[in-house]
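If you scroll down you'll find the structure; I have some questions about it.
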Amino acid sequence: MTSSRQQRSLSFGSEAAAYERGRPSYPPEAIDWLLPADAHDVLDLGAGTGKLTTRLVERGLDVVAVDPIAEMLELLSNSLPDTPALLGTAEEIPLPDNSVDAVLVAQAWHWFDPERAVKEVSRVLRPGGRLGLVWNTRDERLGWVKDLGRIIGHEDDPFNHQVTLPEPFADTERHQVEWTSYLTPQALIDLVASRSYCITSPEQVRTRTLGQVRELLATHPALANTTGLALPYVTVCIRATLA
């Protein structure tokens, strides 16, 4: 990983609270598809503030959360005090061999060193275990969401055309779910403020970007004078089985 990319991947701690307030959760249909039917022990790798962890715990699963950023895990532990939250990375997972039925990675696989991460995920998974990757991407087919993309950068489905996970993973599949997240205008500002490029931008650029988002909220016909926004998403899911 390049130093600038590593800096971005570790930048979220300074905006952990904005991340928790602004980032969406994940639709139940996506989680249903990612998880094996008989999963019991699940690792949420790159768990952040626990957006996905919360949904897994609600299902009665035994979940361990791992993330490299202490500020993110602190927020996760505040809301999920009974869930183990461990400092660690995808390249050095602090779990024993053959200890989980599934490893889920939400909004984080693109930050990992894939070769080292695959080796570590394979180590902690039980035979026949599942690796599931998931991203929320804004659906920019609607006018104001497309306008937002012009300000903060358009969404890119990380695996839009082809999904490849190397051996020992097999039977890689892709699925997507369309859904809507409901949030306040302030949460939209927090969503933008918590994105890595915004966090690591020079202060002048960050201030200008957030100002443009506020202007969009104040002037766009679909957004002005409203206290609630409907932000459409396409959630992209990838799953593979440990052969």
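Remember, it's a predicted structure, so these values are computed and weren't measured experimentally.
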Problem set entry | Cluster link Leu87 to Leu76, ILVMFWY, side chain under 4.5 Å |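 Linked within one cluster.
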
Problem set entry | Side-chain touch Asn136/Trp179, heavy atoms, less than 4.5 angstrom |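 When only atoms from C-beta onward are counted, Trp179 and Asn136 do touch, with a gap below 4.5 Å.
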
Exercise. Between Thr89 and Asp113, is a side-chain contact (heavy atoms from CB on, under 4.5 Å) present by the stated rule, with each step listed?
Worked result: CA-CA 10 Å; Thr89 66; Asp113 177 328; over 6 Å; no

Problem set entry | Heavy-atom side-chain contact between Leu229 and Leu217 under 4.5 Å |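 Counting from C-beta outward, Leu229 and Leu217 do come under 4.5 Å.
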
For this session: Look only at the side chain of Asp101 and the backbone of His40, and say whether a donor-acceptor pair between them is shorter than 3.5 Å.
Result: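 Between the backbone of His40 and the side chain of Asp101 there is a qualifying donor-acceptor contact (under 3.5 Å).
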
For this session: Would you please name every residue forming a salt bridge (Lys or Arg N to Asp or Glu O under 4.0 Å) with Arg123, sequence neighbours left out?
Result: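 By the salt bridge (Lys or Arg N to Asp or Glu O under 4.0 Å) rule, Arg123 matches Asp97, Glu120.
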
Exercise. Heavy atoms, side chains only, cut-off 4.5 Å: are Ile151 and Thr209 in contact?
Worked result: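 Yes; the side chains approach each other to less than 4.5 Å.
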
Exercise. Can we say Arg59 and Asp32 salt-bridge, meaning some charged N sits less than 4.0 Å from an Asp/Glu carboxylate O?
Worked result: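 Asp32 and Arg59: salt-bridged.
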
Exercise. For the hydrophobic clusters of this structure (ILVMFWY residues joined by side-chain heavy atoms under 4.5 Å, transitively), does one cluster hold both Val205 and Ile152?
Worked result: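 Unlinked, Val205 and Ile152 end up in two clusters.
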
For this session: State, with a plain yes or no, whether a side-chain heavy atom of Gln107 is found less than 4.5 Å away from one of Arg23.
Result: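 Yes, side chains in contact.
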
Exercise. Glu29 versus His175: any side-chain heavy-atom pair under 4.5 Å?
Worked result: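 Side chain of Glu29 against side chain of His175, heavy atoms only: contact under 4.5 Å found.
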
Exercise. Are any non-hydrogen side-chain atoms of Ser122 and Phe169 less than 4.5 angstrom apart?
Worked result: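 They are in contact (side-chain heavy atoms under 4.5 Å apart), so the answer is yes.
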
Exercise. Is it true that a side-chain atom of Arg130 and a backbone atom of Thr241 form a donor plus acceptor pair closer than 3.5 Å?
Worked result: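 No, because the side chain of Arg130 does not come within donor-acceptor range (under 3.5 Å) of the backbone of Thr241.
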
For this session: Please work out whether the ring planes of His110 and Trp135 are parallel, tilted or perpendicular, with thresholds of 30° and 60°.
Result: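 Taking Trp135 first and then His110, their aromatic rings sit tilted (interplane angle of 30° to 60°).
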
